[in-house]
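Chain A is the first sequence line, chain B the second, and so forth, proteins listed ahead of strands; every chain is numbered from 1. Small disclaimer: the values here were computed from a predicted structure and weren't measured.
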Protein chains: 2
Amino acid sequence: MGRSKGSCMPSQSDSFTGSVWLRPPRAQTGQPSLSREQIVRAAIELLDAEGPAGLSMRRLGTKLGAGATSLYWHVANKDELLELAVDEVLGEVYVPLPGDTSWRMGASICANGMRSALLRHPWVIGLLGLHPTLGPNAMRLGERLVTLFTRAGFSGMALSHATAVLNSHAIGSATSEAAIRSALKRTGKTWKEVAEDVEPYLERLGPQNPHYDKWRKETGPLRQDPDQVLEESYAFGLERLLDGLEMWLAKNPGQTSA
Amino acid sequence: MGRSKGSCMPSQSDSFTGSVWLRPPRAQTGQPSLSREQIVRAAIELLDAEGPAGLSMRRLGTKLGAGATSLYWHVANKDELLELAVDEVLGEVYVPLPGDTSWRMGASICANGMRSALLRHPWVIGLLGLHPTLGPNAMRLGERLVTLFTRAGFSGMALSHATAVLNSHAIGSATSEAAIRSALKRTGKTWKEVAEDVEPYLERLGPQNPHYDKWRKETGPLRQDPDQVLEESYAFGLERLLDGLEMWLAKNPGQTSA
DNA sequence: GAGCTTATCGCACACTGTACGAGAGGGGCC
DNA sequence: GGCCCCTCTCGTACAGTGTGCGATAAGCTC
């Protein structure tokens, strides 16, 4: 494993980030019993079912009825495979064309889509910080968001910032939510059981964190339904965010140039 | 490797998430030449220097002048070590006590601190989605945030939602930013060189993403200084968010009960 | 047929996390 | 002193990892 010692394959030049997207695809005239798309889809299935640790090239190979190293013909290495998988997941995100709804509704739909895609495939979250995602599906998302926010009245760098903050909210919320869901799944416990487990620990730390402790005892977040709380928390943040963007728009009416 | 087959150490019961925080610490009366804190700090150094792939138990051991398996006395397994490392990093985040500033300024400082801690230690980002972070430093952060937002006028679940959205913004922004910075670092290229590499790819995808393409050519995000753009993008989002929260406060004046 | 390209695969290497059990060293008891 | 026990360190071993390399096979063009 270790740091890559430099690929020796001349056809795969490591331009920016060694990213898949920037090099020409493989020519193809042989007898392909394996295809890149097939590989990526199978990888996603494995990752969904067993998390990041569940994907190994050997397991993926046998799942496809192929030798492990056969995959390396279609995919430069595991990192690249993961990049492809991430973009594939981004392809699931539905973003409405503008005109179908208000920009505010459109932005909500987009963020919701992003959030739920990330929650369907939580392993993506841990990969987002590694490479910039500039696959075709990521680009399509960008296109739709630009369209949406342009119509809304954003332009220039503010446009990019607005789309970025929407994305950040989806990613950040999904991160926190995935952390909780993963713990629930891993332990197989119910929320109530977890709450009971954590209680004594929180009790012990109470004196050091008096305000939190007070809030916890008054509001009792651990008594509530986690699905509802998480959803509500995400939605609350989204609304505040959109309020803030709307406010900015009101104060900065569209100057048509950048 | 594989899924853990259940620890046989009776003193380390796997309650919630198998999390470190919920089990009693080791008794200690021997001749410790190694300590948990020392291990965690060394792990952080390795991770900072070489990223997630740079940390292996063996390397960590030799860095500490110890055998690899000696570490397992102080730390149940690698996952737990990472959990400890994450909390240690969260300990770097400075959150002002309320009264020192307005809640809005306090919240900004907190989010800034979170963001910069994540950017100093980008490997943390990939770990946040795996376990809920409830180490003492995470709790301290929670305490401060609750204090801050309570004074601001939030209460009940809205309080938790408000802190969550602030966190989400910091995490989400840091994720996007870390992705870019990691690519720059990995390739050793300047932003300008990267822009030139990506250009033809974007050009090729232009026809499919006309609005994005138009925006890109008018605004030229790739021509700008990335440090400034990223900082600005984060700050823009934060301001919109705080605006939104302030607006909510104005419309929902503090009912003192939950 | 020859020759070239595309694609698959077995083997090997360096490396991983960590279970296991053997040991060293010190403290408390008789 | 002698004894035991508890804390801590470490060597060895095992199953499993990503992937470089070279040997194949299968199809296309001449």
Side-chain angles (χ1 to χ4, degrees), chain A residues 1-12 14 18 24-39 42-43 46-47 50-83 85 130, chain B residues 1-12 14 18 24-39 42-43 46-47 50-83 85 130:
Chain A
M1 213 179 326
R3 257 61 61 243
S4 69
K5 300 162 193 172
S7 162
C8 68
M9 240 163 183
S11 68
Q12 326 209 35
D14 263 21
R26 285 238 178 261
Q28 164 165 326
T29 2
Q31 66 293 17
S33 84
L34 232 46
S35 82
R36 178 180 269 197
E37 288 153 37
Q38 190 189 9
I39 292 173
L46 266 179
L47 287 163
E50 319 201 29
L55 176 68
S56 83
M57 299 305 269
R58 270 175 257 256
R59 298 230 305 150
L60 184 54
T62 57
K63 180 181 167 85
L64 291 165
T69 56
S70 306
L71 307 172
Y72 285 90
W73 178 255
H74 304 271
V75 151
N77 51 39
K78 195 181 182 183
D79 271 7
E80 170 171 315
L81 172 58
L82 292 173
E83 244 182 299
L130 300 181
Chain B
M1 214 178 324
R3 259 60 62 244
S4 69
K5 300 162 195 174
S7 165
C8 69
M9 238 159 183
S11 68
Q12 326 208 36
D14 262 21
R26 285 236 178 262
Q28 166 165 328
T29 2
Q31 65 293 18
S33 85
L34 231 47
S35 83
R36 178 180 270 199
E37 289 154 35
Q38 190 190 10
I39 292 174
L46 266 178
L47 288 163
E50 319 202 29
L55 177 67
S56 83
M57 300 305 269
R58 271 175 258 256
R59 298 231 304 150
L60 184 54
T62 57
K63 181 181 166 85
L64 291 165
T69 56
S70 306
L71 308 173
Y72 284 89
W73 178 255
H74 305 271
V75 149
N77 52 37
K78 194 182 182 183
D79 271 6
E80 170 170 317
L81 172 58
L82 291 172
E83 242 183 301
L130 300 181

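Here salt bridge (charged side-chain N to carboxylate O under 4.0 Å, His left out) pairs that include residues 65-76 of chain A, with residues two or more places apart or in two chains, number zero. The salt bridge (charged side-chain N to carboxylate O under 4.0 Å, His left out) contacts involving residues 65-76 of chain B comprise nothing, where partners must be two or more places apart or lie in separate chains.
Between the CG atom of B:Asn77 and the P atom of C:dG17 there is a distance of 11 Å, rounded to whole Å. Look at NZ on B:Lys78: it is 11 Å from C1' on C:dC15, rounded to the nearest Å. Rounded to a whole Å, the CH2 atom of B:Trp73 is 15 Å from the C1' atom of C:dA19. The distance between atom CG of B:Leu55 and atom P of C:dT18, rounded to the nearest whole Å, is 11 Å. With rounding to whole Å, B:Glu80 atom CD is found 10 Å from C:dT18 atom P. At whole-Å resolution of the value, CG in A:Leu60 and C1' in C:dT8 are 15 Å apart. Following rounding to the nearest Å, A:Asp79 (CG) and D:dT19 (C1') show an atom-to-atom distance of 12 Å.
A sub-4.0 Å separation between OP1 or OP2 of D:dT9 and a side-chain N or O of B:His74 is present.
In the set C:dT16, C:dG17, C:dA7, the nucleotide with an atom closest to the side chain of B:Arg59 is C:dT16. Residue B:Tyr72 places its side chain closer to C:dG17 than to any other of C:dA7, D:dT19, C:dG17.
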For B:Asp79 and B:Leu130, what are the C-alpha separation, side-chain angles and deciding distance, and is it a side-chain contact (heavy atoms from CB on, under 4.5 Å)?
CA-CA 10 Å; B:Asp79 271 6; B:Leu130 300 181; over 6 Å; no

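Heavy-atom minimum distance, A:Pro52 versus A:Leu47: CA-CD2, 3.7 Å.
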Atom pairs, protein N/O to nucleotides 9-11 of chain C N/O, distance under 3.5 Å:
{"from": "C:dC9", "atom 1": "OP2", "to": "A:Gly67", "atom 2": "N", "distance (Å)": "3.0"}
{"from": "C:dC9", "atom 1": "OP2", "to": "A:Ser70", "atom 2": "OG", "distance (Å)": "2.9"}
{"from": "C:dG10", "atom 1": "N7", "to": "A:Thr69", "atom 2": "OG1", "distance (Å)": "3.4"}
{"from": "C:dG10", "atom 1": "O6", "to": "A:Thr69", "atom 2": "OG1", "distance (Å)": "2.8"}

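Looking at B:Arg36, its side chain does come within 3.5 Å of a backbone N or O of B:His74 through a donor-acceptor pair.
In terms of the side chain to side chain contact (heavy atoms under 4.5 Å, CB included) criterion, residue partners of B:Ala42 (sequence neighbours excluded) are, by chain and number, B:Leu60, B:Lys63, B:Leu64.
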